[in-house]
Amino acid sequence: MSPLPIASPRQVRRAAVALVRSDGRAFAAVLALNAAAALLGLAGPWLLGRIIDRVAEGATAGDVDRFGLLLLGCALAQVVLGRQARYLAHRFGERSAAKVREQLLDRVLALPAGTAERAGTGDLTARGTADATAVGETLRDAAPELLVACAQILFILGAILTVSPLLGSCGLLGVLGTVLASRWYLRRSRPAYLADRAASAGLAGTLSATAGGARTVDALGLGPQRLAAGRAAVAEAHRTRMRTLYLRLRFFAAIDLSYAVPAALVLPLGAVLVAHGAVTPGAAVAAALYLQRLVDPLGSVVVLLEGLQSSTAAYARVEGLAPAPVPVPTQGGGAHEPADDRIRVSGVRYAYPDGPDVLHGLDLDLTPGERLAVVGPSGSGKTTLGRLLAGVERPRSGAVTVGGVPLADLPPERLRRQVVLVTQEHHVFLGTLRDNLGIAAPGADDAALTAALDAVGWQHDLPDGLDTELGPAATRLDGARAQQLALARVILADPHTLVLDEATALLDPATARHTERALAAALSGRTVIAIAHRLHTAHDADRVAVLDRGRLTALGPHEDLLAAGGPYADLWHTWRTA
């Protein structure tokens with residue numbers, strides 16, 4: 001299950017109302033134009049009934065022509081008003097959809113990094129694409145059309161009851177059947193659609209993980225396991241989709257029956273009433289035509305309700321990011337600024353969800369400006385410690401503070417000015433090389449961008465220099481150059497503390513060492529914490545922290561630890577002879 005929440009129906013209604021109010025004039029104009037068009041649409045059956053009655057009374061051709069011209073004028077006016085209403089509705093919908101997407105992006109970027117990672121790419125991608133698109137389409141089309149269809153139903157029922165209360169009761173029977181079927185459907189459809197969208201997100205995440213790790217799957221012979229995972233995800237998506245299909249089929253069957261009842265009653269009942277002189281032939285024809293007209297808005301309500309349930313579930317997922325879990329301040333509301341740049345780790349214990357502790361009471365005091373290497377065997381907790389030092393994760397107990405303030409309590413924008421975590425997983429954004437660098441320092445000039453690239457050993461061989469377009473359809477960077485680009489961003493961001501976790505793993509050893517030394521020179525005076533897998537990093541550090549099974553077993557300069565023997569000396573000699 002995704003840790004990202006789903007908004008409640010009340011929250012969805014509140015968000016939808018706020019969104020409509022933000023462009024209230026346009027929405028009101030759409031409703032007014034559609035209502036006017038609906039009222040003009042009522043003129044047709046009434047005028048046709050009047051023509052029949054006037055002909056029966058001996059009206060002349062001129063009288064009929066005048067009614068015909070009036071009927072034509074109403075039809076043309078209805079077309080013009082309807083077209084303008086659709087135009088305004090599309091503009092309103094596109095503006096609203098843009099707001100929803102911008103709001104969603106802001107909320108995703110504001111999520112704690114650990115929360116976003118645990119959610120998985122499938123869930124976030126589905127919320128940002130299919131779910132946001134469904135919300136936009138609803139705001140553009142379904143919401144105005146649903147309100148207008150409901151208004152048309154009321155107008156038509158009012159017109160039928162005015163023509164003949166008894167014939168109008170036939171229309172009320174059809175509406176009653178639709179209301180009962182809708183109540184049954186609405187009670188069951190929301191959880192079904194939420195489950196359907198969650199299953200679709202899970203399927204997308206499974207396929208994305210398999211495709212992204214295709215080489216690993218092939219190298220380790222994991223094809224059968226990934227195939228089984230894919231089939232399970234497809235089966236779950238199929239099960240949830242069939243549930244929504246079952247609900248729709250029963251719903252539509254009940255609605256079709258509701259349509260048939262009024263049509264089956266109005267014609268024989270109208271004939272009886274005309275025969276007894278209770279209504280005129282024109283009134284009976286007008287009532288029959290109004291009932292026929294009632295089918296269209298009722299059908300629209302049914303279709304729109306079905307689509308609205310799906311889009312409401314989508315909106316619940318989109319709006320669910322509003323109350324997403326955020327770090328809970330533990331000291332004075334988290335409003336304090338760090339007193340200095342000193343990072344302390346005090347009695348830290350950490351466990352991943354539903355797992356045992358992987359760090360056990362760590363204590364570490366970093367002097368501002370020092371270079372600390374964290375070493376240890378695989379699984380010792382090095383990466384977890386790096387994530388805690390970068391404020392990505394919050395300790396289960398104990399504290400990781402900067403200047404006396406818990407790192408995880410700092411707002412994201414303040415945290416990233418203080419600490420930056422760089423791993424071997426880097427992203428090249430679509431755009432130019434200048435755009436990719438400017439993300440870290442929007443105001444930097446070309447000289448600063450070039451200097452940052454020089455500091456990480458960048459080879460200036462791209463065809464258009466800083467203006468070279470990067471991406472799958474343009475110039476593609478290999479893993480090593482993508483790492484260099486990420487490290488250049490770090491220099492431009494100029495954080496006080498830098499956490500490097502295999503940040504140069506894709507570079508060859510000689511280039512990696514050169515790059516790390518260049519980084520150290522470029523970030524002189526800054527605190528650098530290197531998760532060291534190549535121990536030459538530890539050799540160059542001011543101090544080395546040795547982890548083993550989540551515990552700090554040694555701490556000190558490289559030469560002192562070698563002289564003392566123990567786990568670090570064993571690691572060093574094993575690495576040198578490998």
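Side-chain atoms are counted along with the backbone in the values below, which use heavy atoms only and exclude waters and symmetry mates.
- Going from atom CD of Glu370 over to atom CD1 of Ile529 covers 8.0 Å, rounded to the nearest 0.5 Å.
- Taking Tyr568 as the reference, His558 meet the ring pair (Phe, Tyr, Trp, His ring centres under 6.0 Å) condition, with sequence neighbours excluded.
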Discussion item. Using the rule given for side chain to side chain contact (heavy atoms under 4.5 Å, CB included), can you reason through Leu466 versus Leu437, listing the C-alpha separation, both sets of side-chain angles and the distance that settles it, and then say yes or no?
Written reply: CA-CA 9 Å; Leu466 292 173; Leu437 293 169; 4.1 Å; yes
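- Atom CZ of residue Arg344 and atom CG of residue Leu407 lie 12.5 Å apart, to the nearest 0.5 angstrom.
- Side-chain contact between Leu487 and Trp458 is absent, with no heavy atoms from C-beta onward closer than 4.5 Å.
- Here the straight-line distance linking atom CG of Leu547 with atom CG of Leu364 works out to 8.5 Å at 0.5 Å rounding.
- Gln103 places no side-chain N or O within 3.5 Å of a backbone atom of Val100 that could act as its donor or acceptor partner.
- Salt-bridge check for Asp131 with Arg101: failed, with every basic side-chain N at 4.0 Å or more from each acidic carboxylate O.
- Listed by first then second residue, pairs satisfying salt bridge (charged side-chain N to carboxylate O under 4.0 Å, His left out) with a partner in residues 11-21 number zero, not counting sequence neighbours.
- A pairwise comparison of heavy atoms in Leu203 and Val234 identifies CD1-CG2, 3.7 Å as the closest pair.
- Other residues, nucleotides and ligands contribute at most 12 non-hydrogen atoms within 6.0 Å of the CZ atom of Arg241.
- In this structure, Leu433 and Leu485 have side chains that are in contact, with non-hydrogen atoms separated by less than 4.5 Å.
- Without hydrogens or angle criteria, Asp445 side chain to Ala448 main chain gives a donor-acceptor distance under 3.5 Å.
- Shown here is Arg396, whose CZ atom has more than 12 heavy atoms of other residues, nucleotides or ligands within 6.0 Å.
- Counting only heavy atoms from C-beta outward, the side chains of Val374 and Leu385 approach each other to under 4.5 Å.
- Heavy atoms only, all atoms of each residue included: Ala132 and Leu104 are closest at CB-CD2, 4.4 Å.
- With hydrogens and angles disregarded, a donor-acceptor distance shorter than 3.5 Å links the side chain of Asp435 to the backbone of Thr432.
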Practice prompt. Check step by step if side chain to side chain contact (heavy atoms under 4.5 Å, CB included) holds for Val419 and His496.
Written response: CA-CA 6 Å; Val419 184; His496 184 273; over 6 Å; no
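- The salt bridge (charged side-chain N to carboxylate O under 4.0 Å, His left out) search around Asp341 returns none, not counting sequence neighbours.
- Within the 4.5 Å cutoff, the side chain of Tyr350 has no heavy atoms near those of the Asp357 side chain.
- For Asp467, the side-chain hydrogen bond (donor to acceptor under 3.5 Å, both in side chains) criterion is met by Arg434, not counting sequence neighbours.
- By the 4.5 Å heavy-atom criterion applied to side chains, Val402 and Pro338 are counted as neighbours.
- In this structure, the side chain of Ser380 engages the main chain of Pro377 through a donor-acceptor pair within 3.5 Å.
- Contact check on Arg107 versus Glu319 returns a salt bridge, with a Lys/Arg side-chain nitrogen under 4.0 Å from an Asp/Glu carboxylate oxygen.
- The distance from atom CG of Leu220 to atom CZ of Arg215, rounded to the nearest 0.5 Å, is 13.5 Å.
- Between the side chain of Gln484 and the main chain of Val456, a donor-acceptor pair closer than 3.5 Å is present.
- In terms of the side-chain hydrogen bond (donor to acceptor under 3.5 Å, both in side chains) criterion, Asp363 has no residue partners (sequence neighbours excluded).
- Summarising the geometry of Ala199 relative to Thr240, their closest heavy-atom pair is CB-OG1, 3.5 Å, with the distance given to 0.1 Å.
- Between Glu236 and Arg239 there is a salt bridge, since a side-chain N of the basic residue sits under 4.0 Å from a carboxylate O of the acidic one.
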Worksheet item: Checking side-chain hydrogen bond (donor to acceptor under 3.5 Å, both in side chains) for the pair Thr384/Tyr352: CA distance, chi angles, key distance, verdict?
Response: CA-CA 9 Å; Thr384 301; Tyr352 288 98; 2.8 Å; yes
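- Between the OG1 atom of Thr216 and the CZ atom of Arg226 there is a distance of 11.0 Å, given to the nearest 0.5 Å.
- The CD1 atom of Ile439 sits 8.0 Å away from atom NE2 of His427, with the distance rounded to the nearest 0.5 Å.
- Distance alone, capped at 3.5 Å, places no donor-acceptor pair between the Lys99 side chain and the Leu19 backbone.
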Item to complete: Determine, stepwise, if the pair Leu470 / Asn436 fulfils side chain to side chain contact (heavy atoms under 4.5 Å, CB included).
Response: CA-CA 9 Å; Leu470 305 181; Asn436 272 267; 3.8 Å; yes
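- Side-chain atoms of Ser397 and Arg349 include no donor-acceptor pair closer than 3.5 Å.
- Counting heavy atoms from C-beta on, the side chains of Val546 and Leu555 never come closer than 4.5 Å.
- When all heavy atoms of Ile491 and Ala452 are compared, the pair lying nearest together is CD1-O, 4.0 Å.
- Taking a cutoff of 4.0 Å between a charged side-chain nitrogen and a carboxylate oxygen, Asp501 and Arg387 do not qualify as a salt bridge.
- No salt bridge links Arg371 with Asp542; every basic N to acidic carboxylate O contact stays at or beyond 4.0 Å.
- Looking at heavy atoms from C-beta onward, Val499 lies out of side-chain contact with Val422 at the 4.5 angstrom threshold.
- Across all non-hydrogen atoms, the minimal contact from Leu449 to Ala444 is CD2-CB, 3.9 Å.
- Checking side-chain atoms of Thr206 against main-chain N and O of Gly202 turns up a donor-acceptor pair under 3.5 Å.
- At distances below 3.5 Å, at least one donor-acceptor pair connects side-chain atoms of Arg127 with backbone N or O atoms of Arg317.
- Residues satisfying the side-chain hydrogen bond (donor to acceptor under 3.5 Å, both in side chains) criterion with Arg243, sequence neighbours excluded, are absent altogether.
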Fill in: salt bridge (Lys or Arg N to Asp or Glu O under 4.0 Å) evaluation trace for Arg481 with Asp461
CA-CA 12 Å; Arg481 301 204 75 174; Asp461 55 356; 2.8 Å; yes
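- For the pair Val428 and Arg476, the minimum side-chain heavy-atom distance is 4.5 Å or more.
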Discussion item. Before you tell me yes or no, could you show the steps for Thr367 and Arg342 under side chain to side chain contact (heavy atoms under 4.5 Å, CB included), namely the whole-Å CA-CA distance, both residues' side-chain angles and the distance that decides it to 0.1 Å?
Written reply: CA-CA 6 Å; Thr367 303; Arg342 193 178 196 93; 4.0 Å; yes
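- The minimum heavy-atom distance between Pro224 and Gly221, with the atom names listed, is CD-O, 3.8 Å.
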